[in-house]
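What you see is a predicted model, and the numbers here were worked out from it, not measured in a lab. Every heavy atom of this structure was used, including side-chain atoms; hydrogens, water molecules and symmetry mates were not.
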Number of protein chains: 2
Amino acid sequence: MRPRNIEKEESIRAVALKIIQEEGLENLSMQKLAKAANVSPRTIYIKYENKEDLLIKLFIDEVLGAYEAAVLENFDENMEFSAGVKRLWQNSFRYFRHNRQAFTLMQYGKSSPLLNKAFRERDIQEGQFFAPIHRFLARHASAGTIQHFPFQVHRALLFAPLFDLINEYIEHSDRPAQPITDELLLDCCQTVISGMLIKTNKHQ
Amino acid sequence: MRPRNIEKEESIRAVALKIIQEEGLENLSMQKLAKAANVSPRTIYIKYENKEDLLIKLFIDEVLGAYEAAVLENFDENMEFSAGVKRLWQNSFRYFRHNRQAFTLMQYGKSSPLLNKAFRERDIQEGQFFAPIHRFLARHASAGTIQHFPFQVHRALLFAPLFDLINEYIEHSDRPAQPITDELLLDCCQTVISGMLIKTNKHQ
DNA sequence: AATTAGTAAATGAACGTTTACTTACTAAAA
DNA sequence: TTTTAGTAAGTAAACGTTCATTTACTAATT
């Protein structure tokens, strides 16, 4: 039996991410991908059922899975609130700054119906994907450190600004001035945290 | 001279938005649109140069322009900070709750290279589009009510969570339980505001 | 050690369909 | 009669996908 060439499989994935970043998801075609990855179109169909399958696997494995691993590095659900959130911000920024392709596809996940479907198909709830963060927030809400909110609301308040800022960073990365610095990001993180904290020592 | 039929033009736009919301931007084709709008494909090309032109005009006129008008209703750049931000949140939520098609296309604007291009092509900077908000924030930063940040950073901190929450609202709108209520939104808005405010009467 | 059978990997060329867009024409008003 | 709006029926090119075949290797048999 002929052994499969792992390089080809990796090339397909890498080139797909590259095309999506450079030309957009809507300009990724199987034939263009095959040519750019130096592979026959048919080869892609040996490794993936169809285009949808390829995109979903790319999204889950290369983007969601890889991001989950990166964001939880040195994070512990028992951390103090402020330290924990800062760690998550740091990890996210560090990951996406060096993996812009992943960030681009992640953004598509918010608009494309296909990628939205990916969550449900694989039965991956955000609660499962980011379970430690989920528990971290639930614990601090119970302890009275922060307000009680549904998880999605906590996520919106704590991390939506971060993604906007990363997007801004990436858009400015090939321009002369970069407004988004590590220091600024830390300031922003502190701002977000201080809004969330319940101030027990304050009148009213 | 034969007068143009305004109904057809409106039908084209309305049906395009509808298809984008129901099937996604990537599934909008000129032929499908023509058939659904009960119009010949050529008719679309009388009114729009090409598909790109159609999408950009849809995006600018029906989404950005309409949103700008809605968000600034009863907003005055001289308002007190907290009241101003709350008004902007309220207006945004009210607008998108009743114009989900606009929200869907707006989300595509964050990933699609084509729609990103739309801003630059028409020379519409966000500063122009939302000039009163820009001045509102600059004034409060100068007055020391809030921290000094670039506009994009203010926007990320104040409004990125809102868009996430609206997205959550829309995704749950045809399910039994709706976690996002007006009251919750006001709570979130207050949280965001209190993070931004500089507390002059506080130790450290 | 040499030969052969079997198998999955990989391919180039093509399939039928859909794409964005046009051509050649008619309808309707100035 | 001139001008424009609108259409039905196209176009070539690109699309996702498949066919028939070859390649590269393993394992069994000589």
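- Separating the CD atom of B/Glu26 from the P atom of C/dT19 is a distance of 13 Å, rounded to the nearest angstrom.
- Between the base of D/dG6 and the side chain of B/Ser40 there is no donor-acceptor pair shorter than 3.5 Å.
- Residue contacts for A/Lys35: at a heavy-atom cut-off of 4.0 Å it reaches no nucleic acid atom on any strand shown.
- Atom CD of B/Glu9 is separated from atom P of D/dT4 by 17 Å (rounded to the nearest Å).
- For residues 138-161 of chain B, the salt bridge (Lys or Arg N to Asp or Glu O under 4.0 Å) pairs, not counting sequence neighbours, are A/Asp164-B/Arg155, A/Glu168-B/Arg155, B/Glu126-B/Arg155.
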So which protein nitrogen or oxygen atoms get under 3.5 Å of nucleotides 13-17 of chain D's nitrogens or oxygens?
from: D/dG16; atom 1: OP1; to: A/Lys51; atom 2: NZ; distance (Å): 2.6
from: D/dG16; atom 1: OP2; to: A/Met30; atom 2: N; distance (Å): 2.8
from: D/dG16; atom 1: N7; to: A/Gln31; atom 2: NE2; distance (Å): 3.4
from: D/dT17; atom 1: OP2; to: A/Tyr45; atom 2: OH; distance (Å): 2.6
from: D/dT17; atom 1: OP2; to: A/Lys51; atom 2: N; distance (Å): 2.9
from: D/dT17; atom 1: O5'; to: A/Tyr45; atom 2: OH; distance (Å): 3.3

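- For the OP1/OP2 pair of D/dA5 and a distance below 4.0 Å, the side-chain nitrogens and oxygens of B/Thr43 include no atom meeting the criterion.
- Closest heavy-atom contact between B/Leu33 and B/Ile19: CA-CD1, 4.1 Å.
- As a whole-Å value, the separation of A/Glu7 CD from C/dA10 P is 11 Å.
- For the pair B/Leu33 CG and D/dT7 P, the interatomic distance rounds to 13 Å; values are reported in whole Å.
- Legend: residues meeting salt bridge (Lys or Arg N to Asp or Glu O under 4.0 Å) with A/Arg100, ordered by chain and number and at least two apart, are absent.
- Of the candidate nucleotides D/dG6, C/dA9, D/dA8, C/dA9 has the atom nearest to the side chain of A/Ile46.
- Pairs passing the ring pair (Phe, Tyr, Trp, His ring centres under 6.0 Å) check and including a residue from residues 5-26 of chain A, sequence neighbours excluded, do not occur.
- Note: CD1 (A/Ile6) to P (C/dA8) measures 18 Å, nearest angstrom.
- Residue pairs meeting the ring pair (Phe, Tyr, Trp, His ring centres under 6.0 Å) criterion with at least one member in residues 13-33 of chain B: none, sequence neighbours excluded.
- Residues forming a salt bridge (Lys or Arg N to Asp or Glu O under 4.0 Å) with B/Glu23 (at least two apart in sequence, or on another chain): B/Lys32.
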